[in-house]
There are 2 protein chains.
Amino acid sequence: MVSIKDVARLAGVSPTTVSRVINGTGATSPRTTQRVLEAIEALGYQPNLLARSLRVQRSKLLGFLVIDIESPVFARLAKHIEDAATRKGYNLILCNVGENPKKEKEYLEVLIQRQVEGIIFSRVSDESLLYKTPQLSRIPYVVLDRNLEREEAPTVKLDNYQAGTLAAEHLVSLGHRYMACITGPLKIKICRERLEGFTETAQKKGIPAENLFVVEGNFKIDGGKMGMEKILTLPHPPTAIFCMNDLMALGAISAIRERGFSIPEDFSVIGLDNTILSEYSYPPLTTVAQPFDQMAKEAINLLLKLIEGKKVRKKEILLSPQLLVRASTAPLQK
Amino acid sequence: MVSIKDVARLAGVSPTTVSRVINGTGATSPRTTQRVLEAIEALGYQPNLLARSLRVQRSKLLGFLVIDIESPVFARLAKHIEDAATRKGYNLILCNVGENPKKEKEYLEVLIQRQVEGIIFSRVSDESLLYKTPQLSRIPYVVLDRNLEREEAPTVKLDNYQAGTLAAEHLVSLGHRYMACITGPLKIKICRERLEGFTETAQKKGIPAENLFVVEGNFKIDGGKMGMEKILTLPHPPTAIFCMNDLMALGAISAIRERGFSIPEDFSVIGLDNTILSEYSYPPLTTVAQPFDQMAKEAINLLLKLIEGKKVRKKEILLSPQLLVRASTAPLQK
DNA sequence: ATGATGAAAGCAAACGTTTCCAGAAAGGGG
DNA sequence: CCCCTTTCTGGAAACGTTTGCTTTCATCAT
C-alpha cells in the first residue's frame, strides 16, 4: 500500500503538505504543489478513505435498505437513488432485507458500525425496528415510498390520494359505472390513501358507493389473479378494475383471459407504478406513473439536509402521479 | 460516539481486554468477560468498523459493478449476490455504471480508495478499463455473466453453448424446420457462444444451414421487435424464433401480434433468462433459465477464494441452463 | 532598522481499533 | 520452597489520514 508518507518522501515534503495539496485546503506554493502532484502520479497513489473517514468522522456512506431489490419498483428506485447519491459524493451500501426482520435488524447494526451517515428505507417492517435500535435515533433517515405507521418521520412518497383520483377519473370518463379496486395490504397506509382517493373521487363523479368493489390484494401477481377471480364471481361484475400496482394488474389480466374474456373489450384494467412490466405487457398497460427519478432525488436531498443538520420545513414530501393511457383501458361497450 | 475506551473505563479494564472480549481472541477470565459485556450493554456500544478495518487492513467490503440494476437480469443477480455476500460477512457497495465509461472509471477508483477486498463485475466495457487501472491488478475480481474479450479472467457464467443447444433441440422436437435467432450484440462473446450452440445443434438435428436465419439484436425490447419485423419480411419466414433474452422475446411477440398473427399458433417463440418478465407475460414464455442464485453463490465463493489467496483450479465456472416449457412454443401446425 | 503581517510548511496529536510484547498473578511439579 | 508454565491483563505502537498549533522566512509599512 502506497500511503501519503511515501508521496511525501518522494516529493520531499511533509505528509501535511501532501494532504493539503490533495484536499485543496491551506496554501501551498506552486512549486511544491507541482512536485506533490508529480509524486502522486508517479506512485499511483490513491487516498485511503477508511483512514480519512475515521479521521474526519464522515464516512460518505449511505445505507439503502430495501425489501426486495428484484421487484421492478424497488429496482428502479435503487437505480435513481444510486445515481442521486453518487452525484452528491456518497456511496451506497445495498441492504436487501426481504421479509426477514432478523436480517433487517442485523443490517441496521452493521450500518451503524460502518458509520453510514444516513439511511434510505424502502421498507418499514411492522414492528418498526427503527425505534427499537436506540443508536438509530442519532442517525438521519428518510422513508421512501412507504409510511411509518406509528410516528411521523421524514418521508418522500407519491401523492397516493391523487393517484387514486386519477385512476377513478380516467375510468369514469370512459363511461364505466361499475368498478373494482384490487388493493395492496390495507395495513399499509399508502394503500388506504390510494383507496380513499379512488372511492371518494368515483362517488364525487356520481358513482354510487354500492357500485364499487374492493378486494384486498398483496402487491404480487397472484394477489391480482385471485382478486380478479373473486371479482368475476360477483352477481353484477364491474367493467373496470383499478389495481394498486402493475404486478397485480398483470395477474388480473391473466385471470380475465383464463375466463375467455378480452382486454380492453370486456374489461378495462389500470395499474399503478409504470414499471418496465407495464410498458411491455400485452396489451400495454394503462397505468398511474410514479415519478421514481424525482422521488429518489428528493429523498437524497432531504437526507443530505438532515445530515447537514439543516432545518427542514416539510418533513413529508408528496410527488404527483401522472396518468399514462395505453391499451388496457377503453370506453365501456354499450 | 461511545468508544471502546468508554467501555473499558466503565468495566474497569483496559481497551485491550475489551477488544479481546468482543472478538473472542485471547483469554479473559469469566468475571471480566461478564463485566465487559455488561458495560457494552449499558452503553449501547457498537464497534467502529472504519477503525477496525483500518487497523486490520480488511474492509469486509465488496464492490458490485453492474451495467443496469433495473434490468430484470441484473436485479435478480444483485439480489443473490447481496445474499451470498452477507452470508459470508461482507457488505456490498452498489455501483450502477450504465453505459458511462467515465462513471465506471470513477467508481473503480472509489472502490480502490474504499479498500474493497474484491469486485464483482456484471459489466465489462469494451475498453476494459480493468486493465487501464494499474492498482486494480492487485485487487481480486470476478466477471459474472460476461466475458472479457482480450484476456482470461476469473469468470462465472452460463454454459451458453448448452443454452443454445437446449433451445434448438426444443424447437426441432416440436417439428419446426425453419428457425430464426435474434441475438444480442455479436461483439459480446456469450452471444456468439449461444448462437454457435443453436446453429450447430440445429444442423446436427438435420436442419439445413440455409433454413436458419440470424438477426443481430441488442438485448432490448426494441431490438427484438425490429429483428422480428425484419424476419417477417423474409420470402420463406421461419416458424420458430429463439431470442437470446426474454426482453427481446417480448419485443418479437409484440411485432408478431401487430401483424395479426398469434402465438404459439403461428410462431413459436423461446426466450432466455427466465426473469420475472417471462413468467407473467402473455402467453407465458417458454425460456432457457439461468440459475442466477447458483451463479451468484459461485461468484462470491470464487471471489472469496481469490481474496484468501487460495489457489483456484478452475478460473472459469460454467453453470447449466434449464429448459422451461411454457405456452409460447407449440408443435408446428401442418 | 524594526516590528508587524502573512504565506508556506512541518510537528504531533487524534480518530477507534487491534496486536505485539511484557509483566503479574496464579497454579503445579519437583 | 522454588522455579516453570499457564492464564490473564495492560502499555504502547500502528493502521493512514487530517488539523491545530508552531515555526520559519520573506515582505512591507513605519
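Order of the sequence lines sets the chain letters (A, B, ...), proteins ahead of strands, with each chain counted from 1. Note: hydrogens, waters and symmetry copies are ignored here, and every other heavy atom, side chains too, is used.
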- If you look at every heavy atom in B:Glu104 and B:Val97, which pair is closest and at what distance? CA-CG1, 3.8 Å
- Query: With the sugar-phosphate defined as primed atoms, P, OP1 and OP2, and the base as all remaining atoms, what B/S/- string results for nucleotides 15-21 of chain D, 5' to 3', for protein heavy atoms under 4.0 Å?
  - Reply: BBBBB--
- B:Ser29 side-chain N/O to D:dT9 phosphate OP1/OP2 under 4.0 Å: yes
- Item | Donor-acceptor under 3.5 Å (A:Gln290 side chain, A:Asp273 main chain) | no
- Assess whether salt bridge (charged side-chain N to carboxylate O under 4.0 Å, His left out) is satisfied between A:Lys79 and A:Asp83, documenting all intermediate values. CA-CA 6 Å; A:Lys79 176 180 185 161; A:Asp83 194 59; over 6 Å; no
- Does a side-chain heavy-atom distance below 4.5 Å link A:Glu106 with B:Thr86? no
- Which pair of non-hydrogen atoms, one from A:Leu54 and one from B:Ala51, has the smallest distance, and what is that distance? CD1-CB, 3.9 Å
- Message: So does A:Val21 get a backbone contact from the side chain of A:Thr28, meaning a donor-acceptor N/O pair under 3.5 Å?
- Response: no
- Message: Could you report the tightest heavy-atom contact between A:Pro154 and A:Leu306, atom names first, then the distance?
- Response: CG-CD1, 3.8 Å
- Item | DNA chain C contacts among residues 32-41 of chain A, heavy-atom distance under 4.0 Å | A:Thr32
- Give one of base, sugar-phosphate or nothing for B:Ala27, where a contact means two heavy atoms less than 4.0 Å apart. base
- Query: CZ of B:Arg31 versus C1' of D:dT9: gap in Å, rounded?
  - Reply: 13 Å
- Message: Please enumerate all residues that pass side chain to side chain contact (heavy atoms under 4.5 Å, CB included) together with A:Leu318, with sequence neighbours excluded.
- Response: A:Lys157, A:Asp159, A:Glu316
